[in-house]
**Q** 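Structure in structure tokens, see below.
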Amino acid sequence: MSEIKNKKPEGDRAEKTREALSRLRAGMAEVGADAVVIPSEDFHDSEYVNDYFKLREHYSGFDGSAGTLLVLEADAYLWTDGRYFLQAGTQLRGTGITLMKQGEPGVPKLMELLRERIREAVGACFTVFMDGRTVSSTLGTAMKNSITKEGGKAVLDRDLAGECWEGRPELKATEIFELPASSTGMTRAEKLADVRAEMAKYSADYLLLSDLMETAWLFNLRASDIDCTPVFYTYTLVGKDSLTLFTLDGALPDDIKAELKAEGTLCCDYNDAKMTVDALPDGSRVWVDLKKTNYAMTSRIALTCDIIDRPTPVEMMKAVKNDVEIASTRNAHLKDAAAVTEFIYWLKQSIHSKPLSELSAAKHLDDLRFSKDGCFDLSFPTISAYADNGAIVHYEPTPETDKALAPEGFLLVDSGGQYMDGTTDITRTIALGPLTDKMKEYYTLVLKSHITLERMRFLAGTTCREIDEVTRKPLNERGLDFNHGTGHGVGHILSVHEGPNFITKGPRAASEMVPGMITSDEPGVYIENEFGIRLENEILCVDETDSESTSGHDGVPKSKVLKGAGSSNRESRVYAFEPLTLVPFEREAIVKDMLTDEEIDWLNSYHQKVYDMVSPLVPKETAIWLKDAAKPL
């Protein structure tokens, strides 16, 4: 079987990219632009974007979700991260664009290269164009200051790349729908009251919500303006006694608009948001998160108002799920577990009898998900990475990179769904046949790290960074590590990547883990040119302070309590984690002697729970296989 199917001719792709760049450079010459910076984001710093905002893809041919393009008079450069080195290298071929591998030794950052070009323009003002609506206020300000300091000129109030895009897709609204009370647990009025109470603490006259997930959560509304994230393009302006919702024309059905109006919400056109903030009373104190709100919008507010720069109160409110949201999410995970379990059984049966590839396997899993009640989208494009492709962190298969599967080694599958009752994210590394001793050893080490996090107990005040350090120990003790976060927050029928709960080494790990947060647990090992292993569950932070049992929620003896640095002066509340994901691990990949008795007990207890809850939801032949896959070690 060919490893590449339905591949778009490389020459066609490269030719279209070169033509698009030629039109952009003609536009640059007309306005005196020496450089154009084209990010991947939309006006709201979204991870995934509407087709209207895919300028970077249009001008580069690279369709990964992350990257920044710099177009100069005679050359161009694309920065992206390690997930996309292979894909970008293939898709940029023949375009004249140089791939800049972020984080690699000797690879300059965007601003470093720009500063070099500005200095080379002796006696001339080097002018850089960038749409200030597509970068955060924090990033836009830093770039403008850096360019100006070097003697260049930064133009952030014109979408030059958009003007030069012939046939640019329209930004059309999808219809907004309301979530049932069985999924939300709180009314709009209750949420708004909590938000205004927080505003009062900081003497804020207004709160501007730019993050699309925050408005969707506040209003209990969803839509499909963006793939994988059920949101709609919007701004929300909360006043002490006013509430204004800005949406695209045609987005709000008449019945929902009537409900909002009756509740005191003023519904306005999306494009009127800038005029509304222009008209705010002089000297108003406006709460804005500058890291999430675009440069163009915050620049307007700062002309006449005082800005309170801090994360909005909605960020934490939506991160800490209420009891109804948690119960609803459990339902989503049961359906998702059935889909993934059916997929693993199908894969293990089919690998010996039919030709399969990364993409065909991913499509089958996607189809199984969509067959489950209430699944209306994926939570991100399915990652299906076989053999050495698994060593590329968050590799995404494309027609150009699609690899045929064989009945041996590992297939790493990272996937998730958007259900009417929750958002899921799971990774399983699946044995397609015989494994080497090295594969088994490393799989077991990753599993040990995974179990370490799931069994962890810690005092209130413990930070995500402290949790990360403990989780990595089983791998670190063997000289291994992984270059990504251990876990990220997961939204409720929202973004699969949600803060502030990021279990990682970096600066985002300073926040505390608190009950109600749902986070991923996904350690991994990636051996270049060989294989990759990642094991991921979603886990719920719970309060175990008042539990008198000597065992945790999983029936396994409780682990020692982690005392974080921030917990010394806090009330001694003890928190722990409960797994929401219910899919078996690979028994044939586990070296039992490498696990402690407590780890074995946890795994056996988890697998029994998986079988008890999932077997009634899958076909008979899958349930028979599941019983064997989930039997005690």
Side-chain angles (χ1 to χ4, degrees), residues 3-31 33-42 48-104 106-114 116-117 120 126 128-131 134-135 159-169 359 381 389 392 394-403:
E3 293 190 2
I4 300 176
K5 304 176 296 303
N6 301 319
K7 179 179 178 181
K8 185 175 182 179
E10 184 179 291
D12 289 352
R13 178 192 292 272
E15 182 179 355
K16 288 183 178 180
T17 298
R18 292 195 301 269
E19 290 173 355
L21 286 172
S22 179
R23 286 191 292 270
L24 177 56
R25 286 181 171 127
M28 292 168 61
E30 289 180 9
V31 299
D34 297 291
V36 177
V37 177
I38 307 176
S40 300
E41 290 75 24
D42 57 18
Y48 301 106
V49 300
N50 185 279
D51 287 349
Y52 174 83
F53 292 102
K54 294 181 179 178
L55 290 103
R56 188 224 63 222
E57 178 180 335
H58 173 70
Y59 287 110
S60 69
F62 166 61
D63 59 10
S65 66
T68 302
L69 177 66
L70 172 64
V71 180
L72 301 163
E73 181 182 3
D75 46 6
Y77 303 85
L78 178 93
W79 282 261
T80 192
D81 59 55
R83 294 174 294 173
Y84 298 114
F85 289 169
L86 177 62
Q87 178 183 338
T90 300
Q91 294 181 336
L92 295 181
R93 192 174 298 134
T95 65
I97 301 171
T98 300
L99 173 61
M100 308 296 279
K101 298 181 178 181
Q102 285 177 202
E104 294 291 291
V107 177
K109 296 179 181 179
L110 170 64
M111 274 311 308
E112 291 173 344
L113 193 149
L114 269 179
E116 179 183 326
R117 295 303 176 93
E120 291 173 353
F126 191 93
V128 181
F129 276 66
M130 180 172 60
D131 185 356
T134 60
V135 290
D159 181 15
L160 182 59
E163 294 171 17
C164 298
W165 184 354
E166 292 184 1
R168 183 178 188 176
L359 282 177
N389 281 347
I392 304 169
H394 289 182
Y395 160 88
E396 293 179 16
T398 66
E400 293 89 352
T401 64
D402 191 20
K403 184 185 287 289

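These numbers come from the heavy atoms of this one structure, side chains and all, not from hydrogens, waters or symmetry mates.
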**Q** Can a side-chain donor-acceptor contact be found between Gln87 and Tyr395 if the only test is distance below 3.5 angstrom?
**A**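 Not at all, the side chains of Tyr395 and Gln87 share no donor-acceptor pair under 3.5 Å.
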**Q** Sub-3.5 Å donor-acceptor pair from the side chain of Arg168 to the main-chain atoms of Leu55, do we have one?
**A**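 Judged by distance alone, no pair lies under 3.5 Å.
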**Q** Using modelled atom types and a 3.5 Å cut-off, is there a donor and acceptor pairing between side-chain atoms of Trp165 and backbone atoms of Ala20?
**A**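 Flag not set: sc Trp165 to bb Ala20 has no pair under 3.5 Å.
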**Q** Using 0.5 Å steps for rounding, measure from the CG atom of Leu24 to the NE2 atom of His58.
**A**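 Output value for this atom pair is 8.5 Å.
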**Q** Please answer whether the main-chain N or O of Gly61 pairs with a side-chain N or O of Arg13 as donor and acceptor at a distance below 3.5 Å.
**A**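 Pair found, side chain donor or acceptor close to backbone of Gly61.
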**Q** Val37 versus Val128: any side-chain heavy-atom pair under 4.5 Å?
**A**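 Contact flag for Val37/Val128 side chains = yes.
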**Q** Can you tell me how far NZ of Lys54 sits from CD1 of Ile38, rounded to the nearest 0.5 angstrom?
**A**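 Reported value, rounded in 0.5 Å steps: 15.5 Å.
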**Q** OG1 of Thr401 to CD of Glu396: how many Å apart, nearest 0.5 Å?
**A**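 Reported value, rounded in 0.5 Å steps: 9.5 Å.
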**Q** How far apart are the C-alpha atoms of Tyr52 and Asp42, what are their side-chain angles, what is the distance that settles it, and do they pass the side-chain contact (heavy atoms from CB on, under 4.5 Å) test?
**A** CA-CA 9 Å; Tyr52 174 83; Asp42 57 18; over 6 Å; no
**Q** With no hydrogens and no angle check, is any side-chain donor or acceptor of Ser40 less than 3.5 Å from a backbone partner on Gly67?
**A**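 Yes; at least one donor-acceptor contact below 3.5 Å.
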**Q** Tell me the closest heavy-atom pair linking Pro108 and Gly106, and the distance in Å.
**A**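 Smallest interatomic distance, heavy atoms only, reads CD-O, 3.4 Å.
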**Q** Given Thr95 and Ser60, is the side-chain contact (heavy atoms from CB on, under 4.5 Å) satisfied, shown in steps?
**A** CA-CA 7 Å; Thr95 65; Ser60 69; over 6 Å; no
**Q** Atom CG of Asp75 and atom OG1 of Thr98: how far apart are they, to the nearest 0.5 Å?
**A**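 Reported value, rounded in 0.5 Å steps: 7.0 Å.
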**Q** Applying side-chain contact (heavy atoms from CB on, under 4.5 Å), run through Ile97 and Leu21 and close with a yes or a no.
**A** CA-CA 10 Å; Ile97 301 171; Leu21 286 172; 4.0 Å; yes
**Q** Taking all heavy atoms of Val71 and all of Met28, pick out the closest pair and write down the distance.
**A**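 For Val71 and Met28, the tightest heavy-atom pair comes out as O-CE, 3.6 Å.
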**Q** Any donor-acceptor pair under 3.5 Å linking the side chain of Arg56 with the backbone of Glu41?
**A**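 Checking the backbone N and O of Glu41 against the side chain of Arg56, no donor-acceptor pair under 3.5 Å is found.
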**Q** Could you please spell out the steps behind the side-chain contact (heavy atoms from CB on, under 4.5 Å) verdict for Asp34 and Arg117?
**A** CA-CA 9 Å; Asp34 297 291; Arg117 295 303 176 93; over 6 Å; no
**Q** With rounding to the nearest 0.5 Å, note down the distance linking CG in Leu99 to CZ in Arg93.
**A**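 Separation between the atoms: 11.0 Å.
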**Q** Any heavy-atom pair between the side chains of Trp79 and Leu70 that's under 4.5 Å?
**A**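 SC-SC contact between Leu70 and Trp79 confirmed.
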**Q** Answer yes or no: is there a donor N or O on one side and an acceptor on the other, between the side chain of Ser22 and the main chain of Arg18, under 3.5 Å?
**A**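 Not confirmed, Ser22 side chain does not pair with Arg18 backbone.
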**Q** How close do Ala35 and Leu72 get, heavy atom to heavy atom, and via which atoms?
**A**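 Distance-wise, the nearest heavy atoms are CB-CD2, 3.4 Å.
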**Q** Measure the OG1-NZ distance between Thr68 and Lys109 for me, rounded to the nearest 0.5 Å.
**A**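 Spacing of OG1 (Thr68) from NZ (Lys109) equals 13.0 Å.
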**Q** Is it the case that over 12 heavy atoms from other parts of the model lie below 6.0 angstrom from the CD atom of Glu73?
**A**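 Atom CD in Glu73 is not crowded, with 12 or fewer foreign heavy atoms closer than 6.0 Å.
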**Q** Quick one: are Lys403 and Pro397 in side-chain contact, heavy atoms under 4.5 Å?
**A**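 The answer is no, as the side chains (C-beta and beyond) never meet within the 4.5 Å cut-off.
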**Q** Can you label the angle between the Phe62 ring and the Tyr84 ring as parallel, tilted or perpendicular, going by 30° and 60°?
**A**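 Because their plane-to-plane angle is over 60°, the rings of Phe62 and Tyr84 count as perpendicular.
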**Q** For the backbone of Ala66 and the side chain of Thr80, can you confirm whether one donor and one acceptor N or O come within less than 3.5 Å of each other?
**A**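 Present.
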**Q** Is a donor on one side and an acceptor on the other found under 3.5 Å between the side chain of Tyr59 and the backbone of Leu69?
**A**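 No.
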**Q** Testing the basics here: between Leu160 and Gly27, what is the closest heavy-atom pair and its distance to 0.1 Å?
**A**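 Closest pair (atom of Leu160, atom of Gly27, distance): CD1-O, 4.2 Å.
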